[in-house]
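Single-structure report; data block below.
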Amino acid sequence: MGDAVKRWVSMRLHDVLGMSDPALAEYLIRLTERMPSMTHVLAELEDEITIDRAVEKFIGELWDRLIKKRRGGSSSSDDGNDEERQRRRDLRERDEYAERLRKRDEERTRNVANKGEEKAFEEAAKRLLLEKEGREKILPHLRVESRRKYLVKRKDDKLRELEADIQDDEYLFDDQVLTERERKEREYKKTVLKLAKDYDRVKDAEKVQRYVMPEEGGTVDDKYVEIDDKEKKPGYEQKKWEEDQMRGTALSFGARDKAEKYHSHEYNLVLEDEIEFIKSLPLEGTREKKKKKKKKKRREEESESSSSSEEEEEEEEAPKMSEHEKKKMTIAEVRRSLPVYPFKEALLDAIAEHQVLIIEGETGSGKSTQLPQYLYHAGYCSDGKKIGCTQPRRVAAMSVAARVSEEMGKKLGNEVGYSIRFEDCTSDRTRIKYMTDGMLLREFLMDPSLEGYSVMIIDEAHERTLHTDILFGLLKDITRFRSDLKLLISSATLDSAKFSDFFDEAPIFRIPGRRYPVHIYYTKSPEANYIDAAAVTVLQIHITQHLGDVLVFLTGQEEIEACQEILTERVKALGNKIRELVVLPIYANLPSDMQAKIFEPTPPGARKVILATNIAETSLTIDGITYVIDPGYAKQNYFNARSGMESLVVVPVSRASANQRAGRAGRVGPGKCFRLYTQWAFENEMDENTIPEIQRVNLGNVVLQLKSLGIHDLINFDYLDPPPAETLILALEQLYALKALNHKGELTSTGRKMAEIPVDPMMSRMILAADQYKVVEEILTVAAMLSVNGAIFYRPKDKAIHADTARKNFFHPDGDHLTLMNVYNEWEGTEYSSQWCYEVFIQHRSMKRARDIRDQLVGLMERVEVQLTSNPGDSVAIRKAITAGYFYHVARFSKGGMYKTAKKSQTVMMHPQSCLVEDLPRWVVYHELVMTTKEYMRNVVTIDGKWLLEVAPHYYKDTEVHDATSKKMPKTLGKAREELQKDYK
DNA sequence: GAGCACTGC
């Protein structure tokens, strides 16, 4: 390192900073040498000194000097110089573009303030929704209240409840470290129970059949074994130890039913119109049916042990809450009744003391709604800064914001607001802002240090969505230099220790939850056919158990339909011997009118059975579920970076997920969960937690966003759980091929624009390329339709042929992308008619979504400085634009109806639903590869091989496009990988 | 001639 440079730096430092120091000079030189761009140097310096124009200029000069030096030292060719110059010009353009964006954003935020008027209508609609929610909020409190009074009168029942409590407590939380208070509480409960039991033993137990602890060798247990012996003699010995394990959990009858009974009863009192409660009828004429299946005789016991006559008498005594009393429950009282309330002060103290705090509490503790309010009133917004709170789902962000605004007596969108895709309901007055996690990630692009916030709350962190995981790393980084920013991570149990470790041993604050006990039942032996087993269990419950709806978790549409068939068939066979059973399916792709059915109240005397996918695990909650049946499987998406292929596979769920499912039975009262696997399997075969999304998905989009945030080293980024290196490398490689990154792995101006468009990189590249071909409107339609994940065409089993012919009417000879475009355009022609959708077997909901996405993309075009051009008839231009984005996804016809990918010569097939399946073209571009029974290309267009040279000359060579036998990987790719890997080592 | 769990920007 030349002394001349050092001298020069020292001298200039005097001018710029008014001070100089040899160490500082050396530091600056080293830094500038190390950084990939001038912008990076400035970013690095930002923490230490204020960057003004003088500093910028100085660093620019220093950069130039060192670059010249670097180049002078090496024997780089003119080519290299050109490349370098081009690179620097591009970086400059990129930064200028970013600056323009920032300015535009500033203007826009200023305008937000006066758009309040148009929102009035929206507002009214939301308030209606809110009112309903408010009622739901009050309910649990009312229930607790009436329960309290009731219990004073019925000590007996209270003891039974206590029994169940302890059992649940021990089962659910035994493996967890208890606080002193919790332990004492449990001890106390046990003592009380012991006394009561002793008392009971002296007395006689003639009327109510009491639950008996297994170690005491109760009658229930004896019967249990007896029946089992009779029915399942072979294999019994082998299973015995499993049963021993099971005894601790699969018990408790009379007491449970009792509790359930009176809860339902109260519910009746409180809810009147909403849920109709029907007294459980004496069961008759169903005994022989019950015996049919062997494994669940425990439940038969229950039917025997509970006599309904006694309960009726109790109901008379239950307290009735008058209308007047109900109205007296104010919002304030509801707030005070939440489990989080007693901890308010302690919580605020802890937050004041620590910068990062992990808050552990089950859903229902009120933390999502109360915490921001506490902080708000404690003055965290006094300096005009905001409190942010992220949610993994849109509806959650919306409804929580609505509730909080109601509680605070403010108009939604003013002090309390929310921000989700397609809908920004905030103003410059907003102090408490709820948003989806992905939205906060977007916000990072505009405000990388979150200057506008004084507190950030990451809610539902245990769900570990891709976006929350990324946020963890970014936020951890920010807290290092923004000591005034408070970070709260809110999670439901289990993971909190891990979060604490990640955030440098941040303290954990525990808040108790509020959930009713759920009893877990396991099967004795594994079930070979869990669909059939689930159906049988449903019938068992229906025949032997008190009324209460049943929720069954299945993996997908196909299983749900199969199960539905079995159930209706068997119910028909049973005829009028049993009560009515209403079977309802629910999965995301089900048309919305059919989805809505699950929320309709169960008809009097009937029982509702809901067959659901994972959608019922977190995304939607159904009231009135008392029984959950969990076969223990779910479909999960895995992305294989090697093949670039996604596969949807059925896997056993994790223990965390199974517990979440069980919890769905305990929302309105005590419930039961029947697991169609053994306890041994639960404990030994299932994973503790579901593999976090970040390790299972394609990261192209995320990598681009992180790059845009100036995070260069993605391999060593601070992840809570790191994604596979291969996935990152593939993402980098693709971004390089798409010219979003240059050969040094820096973000290019194109990349910066791509990052603005909320779609996958290949798609955003396609959109930008459409500018050149003057078909932006068309490509946006294609992009929007592709983004609605394959849920456009509705294909009911009974009308499959009609649906298929309807679909064929949209076919475009050039491929599926254009077919989709046809669909959209025709729909647009009908003025977005839902009737039309219904007639041609198209899902209206998906179309609306496509329209939303398209509108957003259209709005973003100005932002990425692209003109809205259109040329609907130019199929070639449209397909060229598609190819410009998806040249990575090219396949060539090989033989025997098979294709080979241009990239890795993988054998792939045309998807049978594609419009090109009849007449296989030579060259195709596919949107995605899916692994089902075979490796299929889904959504395909035909192209001309020669276009590849025009559209991606850096990626394809002449020979590859013409010569059918060529199979080598293009050289540029190898080089790119090499270069990138070197950079990230 | 097959079959798309669920979110999110």
Side-chain angles (χ1 to χ4, degrees), chain A residues 390-397 419-424 435-445 460 463-471 553-562 586-590 612-620 633-638 646-651 653 657 660 690 692-694 696-697 700-702 704-705 708 754-761 763-764 783-784 787-797 800 803-804 843 846 849 852-853 856-857 860 897 909-914 917-918 928 930-939:
Chain A
T390 71
Q391 297 288 330
R393 275 170 297 279
R394 293 159 51 86
V395 266
S419 174
I420 56 180
R421 188 181 185 185
F422 311 129
E423 229 180 305
D424 183 7
M435 58 197 133
T436 44
D437 46 12
M439 208 62 194
L440 180 60
L441 210 52
R442 288 259 134 212
E443 257 183 46
F444 261 93
L445 283 180
E460 313 281 359
E463 284 192 27
R464 303 289 310 275
T465 67
L466 175 61
H467 290 151
T468 6
D469 265 24
I470 299 295
L471 284 173
F553 283 100
L554 296 166
T555 64
Q557 181 178 351
E558 204 182 346
E559 281 187 20
I560 288 173
E561 279 164 3
I586 177 87
Y587 45 88
N589 278 352
L590 192 73
T613 58
N614 249 359
I615 194 173
E617 197 177 298
T618 48
S619 308
L620 58 89
Y633 291 96
K635 277 187 185 169
Q636 244 180 14
N637 192 10
Y638 284 94
E646 292 186 331
S647 40
L648 201 57
V649 281
V650 175
V651 292
V653 297
S657 181
Q660 172 78 19
T690 313
E693 209 182 343
I694 196 171
R696 294 191 336 242
V697 297
N701 214 352
V702 165
L704 184 59
Q705 272 193 49
S708 303
M754 282 165 64
E756 285 299 313
I757 310 174
V759 294
D760 282 337
M763 193 178 276
S764 51
S787 301
V788 189
N789 230 351
I792 303 276
F793 300 103
Y794 176 56
R795 197 164 180 268
K797 235 184 187 168
D804 283 345
Q843 299 226 37
S846 303
R849 199 178 140 68
D852 276 341
I853 295 172
Q856 189 197 24
L857 293 177
L860 279 169
M909 308 280 287
M910 182 75 75
H911 197 284
Q913 296 249 30
S914 169
V917 80
E918 305 280 317
E928 59 183 347
V930 282
M931 173 75 184
T932 50
T933 48
K934 285 180 189 134
E935 291 162 341
Y936 284 111
M937 302 182 280
R938 213 155 49 187
N939 289 320

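Note that the coordinates shown come from a computational prediction; the quantities given were computed from them, not determined experimentally. Below, chain A is the first sequence line, B the second, and so on; all start at residue 1. Values reported hereafter were calculated over all heavy atoms of this structure, with side chains retained and with hydrogens, waters and symmetry mates removed.
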Expressed as a whole number of angstroms, how long is the span from [X]:[atom1] to [N]:[atom2]?
{"X": "Leu466(A)", "N": "dT7(B)", "atom1": "CG", "atom2": "P", "answer": "16 Å"}
{"X": "Glu693(A)", "N": "dG8(B)", "atom1": "CD", "atom2": "P", "answer": "11 Å"}
{"X": "Gln391(A)", "N": "dT7(B)", "atom1": "CD", "atom2": "C1'", "answer": "13 Å"}
{"X": "Tyr633(A)", "N": "dA5(B)", "atom1": "OH", "atom2": "P", "answer": "17 Å"}
{"X": "Asp424(A)", "N": "dC9(B)", "atom1": "CG", "atom2": "C1'", "answer": "14 Å"}
{"X": "Leu471(A)", "N": "dC9(B)", "atom1": "CG", "atom2": "P", "answer": "12 Å"}
{"X": "Gln636(A)", "N": "dC4(B)", "atom1": "CD", "atom2": "C1'", "answer": "15 Å"}
{"X": "Ile586(A)", "N": "dA5(B)", "atom1": "CD1", "atom2": "C1'", "answer": "13 Å"}

Out of [options], which nucleotide sits closest to the side chain of [X]?
{"X": "His467(A)", "options": "dG8(B), dA5(B), dT7(B)", "value": "dG8(B)"}
{"X": "Ala588(A)", "options": "dC4(B), dC6(B), dC9(B)", "value": "dC6(B)"}
{"X": "Ile420(A)", "options": "dG8(B), dA2(B), dC9(B)", "value": "dC9(B)"}
{"X": "Tyr936(A)", "options": "dT7(B), dG1(B), dC9(B)", "value": "dG1(B)"}
{"X": "Pro912(A)", "options": "dG1(B), dT7(B), dC4(B)", "value": "dG1(B)"}
{"X": "Ser619(A)", "options": "dA2(B), dC9(B), dT7(B)", "value": "dT7(B)"}
{"X": "Ile615(A)", "options": "dA2(B), dT7(B), dA5(B)", "value": "dT7(B)"}
{"X": "Arg421(A)", "options": "dC6(B), dC9(B), dC4(B)", "value": "dC9(B)"}

- Message: If the condition is salt bridge (Lys or Arg N to Asp or Glu O under 4.0 Å), which residues does Asp804(A) pass it with, not counting sequence neighbours?
- Response: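 Salt bridge (Lys or Arg N to Asp or Glu O under 4.0 Å) list for Asp804(A), sorted by chain: Arg795(A), Arg807(A).
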- Message: So that I can tick it off, tell me whether Glu463(A) and Arg393(A) are bridged by a salt bridge, with the cut-off set at under 4.0 angstrom between side-chain N and carboxylate O.
- Response: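 Glu463(A) and Arg393(A): salt-bridged.
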Taking only side-chain nitrogens and oxygens of [X], does any of them come within less than 4.0 Å of OP1 or OP2 of [N]?
{"X": "Thr555(A)", "N": "dA5(B)", "result": "no"}
{"X": "Thr618(A)", "N": "dT7(B)", "result": "no"}
{"X": "Lys635(A)", "N": "dC6(B)", "result": "no"}
{"X": "Arg393(A)", "N": "dC6(B)", "result": "no"}

Report which part of the nucleic acid [X] touches: base, sugar-phosphate, or nothing (heavy-atom distance under 4.0 Å, all strands).
{"X": "Arg938(A)", "answer": "base"}
{"X": "Thr613(A)", "answer": "sugar-phosphate"}
{"X": "Glu463(A)", "answer": "nothing"}
{"X": "Asp437(A)", "answer": "nothing"}

- Can you measure from CG (Leu440(A)) to CG (Leu471(A)) and round to the nearest 0.5 angstrom? 5.0 Å
- Kindly compute the distance separating CD (Gln705(A)) from CG (Leu441(A)), expressed to the nearest 0.5 Å. 4.5 Å
- Message: Reading DNA chain B from 5' onward, which residue's closest nucleotide shows up sooner: Leu648(A) or Gln856(A)?
- Response: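 The residue closer to the strand's 5' end, by nearest nucleotide, is Leu648(A).
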- Let me know, please, whether Gly556(A) or Arg849(A) comes out on the 5' side of the other along DNA chain B by nearest nucleotide. Gly556(A)
- Message: Can you confirm whether more than 12 heavy atoms, excluding those of Tyr633(A), are under 6.0 Å from its OH atom?
- Response: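 At most 12 heavy atoms, drawn from other residues, nucleotides or ligands, come within 6.0 Å of this atom.
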- Qualifying residues under ring pair (Phe, Tyr, Trp, His ring centres under 6.0 Å), relative to Phe444(A), sequence neighbours excluded: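 Not a single residue meets the ring pair (Phe, Tyr, Trp, His ring centres under 6.0 Å) criterion with Phe444(A).
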